[in-house]
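Data first, discussion second: the structure below is written as structure tokens.
Chain letters run A, B, ... following the sequence lines, proteins first, then strands; residues in each count from 1.
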Protein chains: 2
Amino acid sequence: MVPPMSETATVADARPYHHGDLRRALIDAARRILENEGPGALSLRAVAREAKVSPAAPYHHFKDKGELLEAVAHEGWDALGDAMGAGLETAATERDRMSAIGVAYVEFARDNPALYRVMYDRSRDKDELPEQMQMDNDGAYCMVRDALRAKNPGSNDMDVELATIAAWCAAHGLAEMLSFKQFEPLKAELGGEEAFMRAVLEHLGMFAKVASPGT
Amino acid sequence: MVPPMSETATVADARPYHHGDLRRALIDAARRILENEGPGALSLRAVAREAKVSPAAPYHHFKDKGELLEAVAHEGWDALGDAMGAGLETAATERDRMSAIGVAYVEFARDNPALYRVMYDRSRDKDELPEQMQMDNDGAYCMVRDALRAKNPGSNDMDVELATIAAWCAAHGLAEMLSFKQFEPLKAELGGEEAFMRAVLEHLGMFAKVASPGT
DNA sequence: CAGCTATCTAAACGGTGTCAAGATGATCTT
DNA sequence: AAGATCATCTTGACACCGTTTAGATAGCTG
């Protein structure tokens with residue numbers, strides 16, 4: 001990807017110092033370790049090793065290990081938002097939007113389990129969702145809310161907000177449990193993981209109307 | 001609790017060896033650390049310290065740190081099952097059962113956040129729910145399934161199974177996000193955390209009928 | 001060129017999980 | 001009762017971890 005980096009460094013890149021862009025390289029190294037060896041192998045020293053620098057080098061770009069994980073998680077949320085957006089595009093009708101987003105969400109978690117775990121571990125440590133998911137900051141959260149509003153015109157704002165949160169909780173819960181062994185017979189019976197996923201999401205009310213019948 | 005343990009040890013307890021029952025003491029020490037200092041402080045050495053024993057002592061009772069956490073998690077699942085059972089008892093009618101169980105579940109997670117985290121971390125590492133939650137082994141899972149079946153007589157088995165899983169995912173998702181800062185304004189508007197919790201659970205379809213309208 | 005500052009390395013500190021070897025004490029056999 | 005046995009616990013070590021300090025290095029500014 002990057003040329004061997006040597007000689008007189010005539011390349012016009014932003015290559016301010018010795019390494020080039022170590023911050024970028026460290027984040028990439030972390031994601032590589034995450035994919036190949038899982039979250040348990042993600043030590044700061046291992047990241048430094050992967051990036052071929054000393055164990056102390058990262059401290060010039062991140063306050064501590066947490067800040068590096070924060071950066072990794074941040075890119076993860078970006079990617080998740082992109083995946084949800086791409087899913088949204090596949091929806092044929094307005095009514096399919098919620099389903100499409102939900103499937104995209106859970107599939108992202110299934111395909112990037114280690115990254116997804118880092119993302120939520122960080123969130124739980126800080127007790128808050130990242131900026132991309134905040135209510136006022138038009139990101140993925142608003143994508144879901146808009147899809148719900150489009151599907152249920154005339155519902156009051158509070159109900160839409162609650163339904164959005166509920167959908168998020170539901171998708172997260174399913175995302176964390178989808179790979180549990182207990183469900184394998186059920187998956188087989190339904191004809192595959194995708195079918196199982198859609199069936200559970202359906203029961204979760206993600207595709208239902210906003211107005212709750214109970215109250 | 002236990003007398004200073006000394007003298008001639010005339011007590012008739014099962015006190016097979018030097019310490020008494022170190023396995024028990026280690027699990028208790030771990031839970032104490034978990035409550036007082038959070039999951040980040042739960043090192044095997046800290047547990048040994050808390051139990052006033054050398055760092056290597058636990059290895060005579062647990063294969064490794066994971067096995068100790070496993071034991072802690074196991075007791076956590078027992079406690080969660082008890083809490084759900086207790087919640088179930090408070091339900092006035094059959095139709096209230098799902099609501100009562102769901103509230104009990106989320107409240108348990110809120111009141112024992114560190115323990116709940118250890119429980120699910122272990123589960124995700126092994127990619128399976130513990131025995132208490134398995135489909136054939138009449139535990140908490142069956143409690144939920146029975147409540148759903150009672151509420152929706154005549155629904156087919158597959159639908160009940162899927163609805164049970166969906167409810168579980170929903171409760172777990174909410175349990176992990178309940179304390180996120182983003183929701184505080186909403187909680188205030190609804191008049192407290194409990195109200196917020198019930199409102200989200202309601203939108204999650206936990207109280208809805210099993211039969212899905214979509215298909 | 002000199003000086004400065006950002007960047008990186010080397011070395012060290014206390015903490016961790018884990019293991020091997022030895023001490024200790026309860027139990028069992030004779 | 002004496003000795004042998006075995007589970008239990010301690011000591012000490014190893015490699016790894018996150019983090020800090022001090023010093024080397026290289027690019028930029030004057």
Name every residue in residues 116-127 of chain A that has at least one heavy atom under 4.0 Å from any atom of DNA chain C, in order of residue number, or write none if there are no such residues. none
OP1 or OP2 of dA6(C) versus the side-chain N and O atoms of His61(A): is any pair under 4.0 Å? no
Starting at atom NE2 of His60(A), determine the distance to atom C1' of dT5(C), rounded to an integer number of angstrom. 12 Å
Considering residues at least two apart in sequence or located in another chain, which fulfil the side-chain contact (heavy atoms from CB on, under 4.5 Å) criterion with Gln182(A)? Phe180(A), Glu128(B), Leu129(B), Gln134(B)
I'd like to check the side-chain contact (heavy atoms from CB on, under 4.5 Å) partners of Leu178(A); sequence neighbours left out, ordered by chain and number. Val106(A), Arg110(A), Leu174(A), Glu193(A), Phe196(A), Met197(A)
Mind calculating the distance between CZ (Arg23(B)) and P (dT8(D)) to the nearest angstrom? 12 Å
Rounded to 10 degrees, the angle between the two terminal axes of the helix from dC1(C)-dG30(D) to dT30(C)-dA1(D), each from five pairs: 10°
Could you report the tightest heavy-atom contact between Thr90(A) and Ala100(A), atom names first, then the distance? OG1-CB, 4.0 Å
Between atom CZ in Phe62(A) and atom C1' in dG18(D), what is the gap in whole Å? 15 Å
Can you name the atoms? Protein N/O to nucleotides 16-20 of chain C N/O, anything below 3.5 Å, with the distance.
from	atom 1	to	atom 2	distance (Å)
dT16(C)	OP1	Ser43(B)	OG	3.1
dT16(C)	OP2	Arg49(B)	NH1	3.2
dG17(C)	OP1	Leu44(B)	N	2.6
dG17(C)	OP1	Lys65(B)	NZ	3.3
dG17(C)	OP2	Leu44(B)	N	3.0
dG17(C)	OP2	Arg45(B)	N	2.9
dG17(C)	N7	Arg45(B)	NH1	2.5
dG17(C)	O6	Arg45(B)	NH1	2.9
dT18(C)	OP2	Tyr59(B)	OH	2.9
dT18(C)	OP2	Lys65(B)	N	2.9
dT18(C)	O5'	Tyr59(B)	OH	2.9
dT18(C)	O4	Arg45(B)	NH1	3.3

Given the side-chain rings of Trp77(B) and Tyr120(B), with only the six-membered ring counted for Trp, is the space between their centroids under 6.0 Å? yes
All side-chain contact (heavy atoms from CB on, under 4.5 Å) counterparts of Ala150(A), not counting sequence neighbours: Glu94(A), Arg97(A)
Summary of salt bridge (charged side-chain N to carboxylate O under 4.0 Å, His left out) pairs that have at least one residue in residues 48-65 of chain A, sequence neighbours excluded: Arg32(A)-Glu50(A)
Hits for side-chain contact (heavy atoms from CB on, under 4.5 Å) against Ala79(A), two or more places apart or cross-chain, chain-then-number order -> Phe108(A)
Contacts of type salt bridge (Lys or Arg N to Asp or Glu O under 4.0 Å), residue Asp125(A), not counting sequence neighbours: Arg117(B)
Please give, in whole Å, the distance from dA6(C) C1' to Leu22(A) CG? 12 Å
What pairs of residues pass the salt bridge (charged side-chain N to carboxylate O under 4.0 Å, His left out) test when at least one of them lies in residues 75-87 of chain A, not counting sequence neighbours? Arg24(A)-Glu75(A), Arg31(A)-Glu75(A)
By salt bridge (Lys or Arg N to Asp or Glu O under 4.0 Å), Asp127(A) pairs with (sequence neighbours left out) none
Which residue pairs pass the salt bridge (charged side-chain N to carboxylate O under 4.0 Å, His left out) test with at least one member in residues 161-186 of chain B, sequence neighbours excluded? Arg124(A)-Glu176(B), Arg145(B)-Glu161(B)
